[in-house]
Amino acid sequence: MFKKVKLNFWQIWNMNFGFFGIQFSFGLQQSNMSAIYKYLGADEGSLPMLWLAGPITGLIIQPIVGAISDGTWSPKFGRRKPFFLIGALISSFALLVMPFSNSIFMAASLLWILDAANNLAMEPYRAFVADKLDQKQQSLGFLMQSFFTGLGITLANFTPAILVALGVLAITDKLSNGIPTYTYWAFFIGAFASIVSVLISVFTTKEYPPTDEELALINEKKKQNIFNTVLVDIVKAFKTMPLTMKQLIPVKFFTWYAMFCYWQYITSTLSISIYNTTDQASQGFSKAQLLTGSLNGTYNIICFMVAFLLVPLALKIGAKGVHFFALLLGGIGLLSIPFLNNVDVLFVMHNPFGRNVAVTTIFLYSFGLGISWASMMAMPYQLLAGSIPKDKTGIYMGIFNMFIVIPMAIQVLTMQYFVYDLLGSNPLNVIKLAGVFLILGAIFTLFITVKNRKEAIV
């Protein structure tokens, strides 16, 4: 049996640095896709269906890629690294082309490619941490990914606003398709960040070779039909799913339904509550798009600032306790968003220490959602990692992330066809629903059975 070597902080940093680029790509999607669709002529009611690419590609790709990566080994390229390298190359291409979309169909098609590429990279990267680190270091490994998630998405969200604030680009500058020029440059920077960060991880980190027994099993699987083998492995993994994984299903459902509501309707919510407009051609809507990036960046700053603080906290109260309080704070943060107004936002942007009400509103939003996001990126994986067999890490991580994309798919279909109407066709009510769902996710966290403290933190 090959013994894992304890890695130092910077070795763990390097192996996870590629996650920065992957999450930069996700951050650009979260803050800009609804606005891009609206610039190309989409209406509010059609936005959920246009976001369908994420959950569907994740549902199909994550478990399949996870299973295939479990059975992959190349002495030159490794087991997991080829997947997130190829994913980074494809996502960089999609990011470069996206701002030049001349129709809703083209933008939606590129989003399918972009999400497929990101999912191709994501799950092998999760398994990469479990492969490389022993149980004592897995908490740091997953929280390092949480840190890079926050950092990558933060910079992605702030990039358009920074380009405008520095005077590099004007808020009125637009491409011929109506998409702002600052969006193009942000996506160009994202493409560069995606490929470069992954290359750094690929060239600075070696994967452990499989044992003789594992290599024999891999070679045996290569002789079989890969699709049949993957299907059998997925079905078998579902049948033997650990109890902890089953109990996390409702937690994941409510949290990721909520986050998809947020990403789809935050720009429209800010446009209505702060700038009193839904007209995508107005300067108010462009300001709302920039403000979306700034506010998303704020909660992601909180995310990567607190990511490492969650480790000692998890040691004291367990990952379950951390996740409960984090989701509760996130729910409160989302419920506070519709109460923002023009005076508060202008005040916070220019003089953040003079008026308590404005500071409290922004603080609850960014602080609560930032802690919630940091926990979502790490704690469920820590709870899961100690309960799954070593040789099935990739497939179980892929299946586990189906519990992210299935809620997203349900959100798209339900929001598109009846929930949006039930909420009075009002984006502000969608954000309120998201807040309630995060709180429900926190409540269901309390029902997770943890056998002992060690299982809760590894």
Side-chain angles (χ1 to χ4, degrees), residues 24-54 94-112 114-115 153-165 169-190 259-300 337 340 345 412 415 420 427-428 430-431 434:
F24 200 110
S25 174
F26 274 119
L28 290 173
Q29 292 175 236
Q30 293 166 9
S31 294
N32 296 283
M33 282 313 301
S34 285
I36 287 173
Y37 284 139
K38 292 202 69 177
Y39 288 128
L40 296 173
D43 57 66
E44 299 285 352
S46 65
L47 289 180
M49 190 61 70
L50 292 171
W51 279 74
L52 189 60
L95 287 170
L96 287 173
V97 179
M98 179 68 78
F100 295 105
S101 298
N102 53 25
S103 67
I104 295 173
F105 176 79
M106 181 176 175
S109 299
L110 285 169
L111 183 60
W112 279 84
L114 182 59
D115 272 318
I153 296 179
T154 295
L155 293 180
N157 289 326
F158 277 123
T159 296
I162 291 173
L163 292 172
V164 173
L169 299 168
I171 194 172
T172 54
D173 291 343
K174 294 188 177 183
L175 302 176
S176 59
N177 56 6
I179 295 175
T181 306
Y182 57 73
T183 301
Y184 164 74
W185 281 103
F187 274 63
F188 176 82
I189 293 169
M259 292 308 297
F260 229 41
C261 287
Y262 169 80
W263 291 326
Q264 290 169 3
Y265 285 100
I266 181 60
T267 300
S268 296
T269 295
L270 296 175
S271 182
I272 293 170
S273 63
I274 297 172
Y275 301 107
N276 299 313
T277 182
T278 58
D279 182 9
Q280 64 270 19
S282 67
Q283 194 171 110
F285 187 82
S286 295
K287 290 180 179 179
Q289 183 191 359
L290 291 177
L291 184 59
T292 296
S294 297
L295 294 181
N296 285 354
T298 301
Y299 86 70
N300 278 285
I337 293 175
L340 293 172
V345 170
V412 165
M415 189 63 63
Y420 189 67
L428 277 70
V430 177
I431 299 300

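As a basis for the values below, the full set of heavy atoms in this structure was taken, side chains included, without hydrogen atoms, waters or symmetry mates. Remember, it's a predicted structure, so these values are computed and weren't measured experimentally.
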Task: From OH (Tyr182) to OG1 (Thr159), nearest 0.5 Å - done: 13.0 Å
TODO: For the residue pair Met106 and Leu40, establish whether any side-chain heavy-atom pair is separated by less than 4.5 Å.
DONE: no
Open item on the list: Can you confirm whether the side chains of Gln264 and Tyr420 place a donor and an acceptor under 3.5 Å from each other?
Closed with: no
Open item on the list: Just checking Phe188 against Trp185, ring centres under 6.0 Å apart?
Closed with: yes
TODO: Check whether any side-chain heavy atom of Tyr37 sits under 4.5 Å from a side-chain heavy atom of Ser46, and report yes or no.
DONE: no
Task: Partners passing side chain to side chain contact (heavy atoms under 4.5 Å, CB included) against Ile162 (at least two apart in sequence or in another chain) - done: Phe158, Leu166
- [ ] Only counting residues at least two apart or in another chain, list the ones meeting side chain to side chain contact (heavy atoms under 4.5 Å, CB included) with Ala288.
- [x] Thr267, Leu270, Ser271, Tyr275
Open item on the list: Apply side chain to side chain contact (heavy atoms under 4.5 Å, CB included) to residues Phe26 and Asp115 and explain how you reach the verdict.
Closed with: CA-CA 8 Å; Phe26 274 119; Asp115 272 318; 3.9 Å; yes
Task: Residue pair Gln30 / Met259, side-chain heavy-atom distance below 4.5 Å - done: no
Open item on the list: To the closest 0.5 Å, what do you measure between CD1 (Ile153) and CZ (Phe24)?
Closed with: 10.5 Å
Open item on the list: As an exercise, state the distance from OH of Tyr265 to CE of Met415, rounded to the nearest 0.5 Å.
Closed with: 6.5 Å
Open item on the list: Keeping Asn177 on the side-chain end and Pro99 on the backbone end, is there a donor-acceptor pair under 3.5 Å?
Closed with: yes
TODO: May I have the step-by-step check of side chain to side chain contact (heavy atoms under 4.5 Å, CB included) for Tyr39 and Ser101, ending in yes or no?
DONE: CA-CA 10 Å; Tyr39 288 128; Ser101 298; over 6 Å; no
- [ ] Determine the minimum heavy-atom distance between Leu28 and Phe187, stating which atoms define it.
- [x] CD1-CA, 3.8 Å
Task: Closest heavy-atom pair and its distance - Ala107, Ile36 - done: CB-CG2, 4.3 Å
